[in-house]
Amino acid sequence: QLQLVESGGGLVQPGGSLRLSCTTSGVSLEHVAIGWFRQAPGKERQGVSCISNSGGNTDYADSVKGRFTISRDNAKNTVYLQMNSLKPEDTAVYYCAARGLMRCPAGISIVVADYLFGSWGQGTQVTVSS
C-alpha cells in the first residue's frame with residue numbers, strides 16, 4: 001500500500017523560499033504521477049502542481065507558475081516542490097497525492113483535479129507572514 005509523507009513546511013517571510021518533500025513507500029514511484037495540493041482555512045482544496053512518473057510531464061496552477069518548481073528523484077522515492085517568491089496567499093496546508101496512472105491529468109486543470117488522486121499524505125503547514 002502506497003504511503004506518502006510530506007515535510008519541509010514552516011514559517012517564512014514574504015518573498016522567501018521553502019522546499020517541500022513528499023517521501024513515499026510501499027509502491028515504486030516509477031509507476032505513479034504525483035500531485036501537490038493545498039488548502040487554506042475556509043477554502044476548498046486546490047491543485048498546485050503535478051509531475052508524471054518520469055518527470056517529463058509537469059503541470060502548474062496559474063497562480064504559482066514561474067515561482068514553484070516540481071521535481072522528483074525516483075531513486076529516493078521523493079518528489080519535491082521548490083517554492084520561491086512566496087506570498088501571504090500561499091499560506092495553506094500542503095498535501096502530496098499519488099495518482100494510479102503514470103501521467104498527470106489531461107484536459108483538466110490541476111487546480112480542480114484532486115478527485116483523480118487516490119492516495120494522500122497528512123499534509124504540512126506553510127505560513128507566509130512577516
Side-chain angles (χ1 to χ4, degrees):
Q1 183 176 356
L2 178 63
Q3 294 184 321
L4 305 96
V5 178
E6 303 92 339
S7 61
L11 173 64
V12 63
Q13 292 186 342
S17 297
L18 282 175
R19 188 178 78 160
L20 304 183
S21 298
C22 172
T23 302
T24 68
S25 62
V27 174
S28 171
L29 265 188
E30 294 179 350
H31 304 295
V32 297
I34 299 290
W36 281 98
F37 298 81
R38 66 187 181 186
Q39 187 165 20
K43 294 188 177 181
E44 293 184 352
R45 185 170 61 194
Q46 292 187 331
V48 174
S49 185
C50 178
I51 187 166
S52 63
N53 67 317
S54 66
N57 164 237
T58 58
D59 191 19
Y60 296 91
D62 287 344
S63 60
V64 306
K65 280 181 180 177
R67 300 189 299 123
F68 291 10
T69 302
I70 192 170
S71 62
R72 64 192 296 157
D73 184 340
N74 287 350
K76 295 182 178 179
N77 288 327
T78 302
V79 173
Y80 305 98
L81 185 69
Q82 177 67 42
M83 306 186 297
N84 298 329
S85 302
L86 283 162
K87 305 175 181 180
E89 51 263 44
D90 294 318
T91 295
V93 177
Y94 282 71
Y95 302 88
C96 64
R99 188 170 189 226
L101 297 172
M102 291 188 286
R103 292 185 63 84
C104 295
I108 181 172
S109 170
I110 187 62
V111 175
V112 295
D114 59 342
Y115 68 96
L116 296 174
F117 291 75
S119 300
W120 292 79
Q122 83 290 347
T124 185
Q125 176 71 46
V126 171
T127 302
V128 185
S129 175
S130 55

Applying side chain to side chain donor-acceptor pair (under 3.5 Å) as the test, list every pair that has at least one member in residues 98-109; sequence neighbours left out.
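Every pair satisfying side chain to side chain donor-acceptor pair (under 3.5 Å) with a residue in residues 98-109: there are none.
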
For a 4.5 angstrom cut-off between non-hydrogen side-chain atoms, does [X] reach [Y]?
| X | Y | answer |
| --- | --- | --- |
| Val64 | Arg38 | yes |
| His31 | Asn53 | no |
| Phe68 | Leu86 | yes |
| Val32 | Thr24 | no |

Hydrophobic cluster identity match, [X] and [Y], side-chain contacts under 4.5 Å:
| X | Y | result |
| --- | --- | --- |
| Ile110 | Ile108 | yes |
| Leu29 | Val27 | yes |
| Leu18 | Ile34 | yes |
| Val112 | Val48 | no |

Quick one: does any side-chain atom of [X] pair with a main-chain N or O of [Y] as donor and acceptor, under 3.5 Å?
| X | Y | result |
| --- | --- | --- |
| Arg72 | Ala33 | no |
| Glu6 | Gly123 | yes |
| Asn74 | Ser54 | no |

With sequence neighbours excluded, give me every salt bridge (Lys or Arg N to Asp or Glu O under 4.0 Å) pair touching residues 53-62.
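Of all non-adjacent pairs touching residues 53-62, those that pass salt bridge (Lys or Arg N to Asp or Glu O under 4.0 Å) are Asp62-Lys65.
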
How would you list, by chain and number, every residue that makes a side chain to side chain donor-acceptor pair (under 3.5 Å) with [X], sequence neighbours excluded?
| X | answer |
| --- | --- |
| Arg67 | Asp90 |
| Gln125 | Thr127 |
| Tyr95 | none |
| Glu30 | none |

Crowding at CD, Glu44 (>12 non-hydrogen neighbours, <6.0 Å)
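12 or below, so no.
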
To the nearest 0.5 Å, what is the distance between CG (Leu2) and OG (Ser28)?
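The OG atom of Ser28 is 10.0 Å from CG of Leu2, to the nearest 0.5 Å.
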
Nearest heavy-atom neighbours spanning Ser130 and Pro14
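Ser130 and Pro14 have their closest heavy atoms at N-CD, 3.7 Å.
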
Heavy-atom pair of closest approach, residues Leu4 and Ala98
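Taking Leu4 first and Ala98 second, the nearest heavy atoms are CD2-N, 4.0 Å.
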
Please list all pairs passing the ring pair (Phe, Tyr, Trp, His ring centres under 6.0 Å) test where one or both residues lie in residues 35-54, with sequence neighbours left out.
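Every ring pair (Phe, Tyr, Trp, His ring centres under 6.0 Å) pair that includes a residue of residues 35-54, provided the two are not neighbours, is Phe37-Phe117, Phe37-Trp120.
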
Residues that Tyr94 engages under ring-ring contact (aromatic ring centres under 6.0 Å, His included), provided they are two or more places apart
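For Tyr94, no residue satisfies ring-ring contact (aromatic ring centres under 6.0 Å, His included) once neighbours in sequence are set aside.
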
Applying disulfide (SG to SG under 2.5 Å) as the test, list every pair that has at least one member in residues 38-76; sequence neighbours left out.
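Passing the test, one end in residues 38-76: Cys50-Cys104.
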
Strictly by disulfide (SG to SG under 2.5 Å), give each pair with a member in residues 12-47 just once, sequence neighbours left out.
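Output for this query lists Cys22-Cys96.
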
Salt bridge (Lys or Arg N to Asp or Glu O under 4.0 Å) partners of Arg45, counting only residues at least two apart
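Arg45: salt bridge (Lys or Arg N to Asp or Glu O under 4.0 Å) contacts with Asp114.
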
Please tabulate, for the side chains in residues 75-85, all donor-acceptor contacts under 3.5 angstrom to protein atoms that are two or more places apart in sequence or on a different chain.
unit_1	atom_1	unit_2	atom_2	d
Thr78	OG1	Lys76	O	2.8
Gln82	NE2	Asn84	OD1	2.9
Asn84	OD1	Ser17	OG	2.9

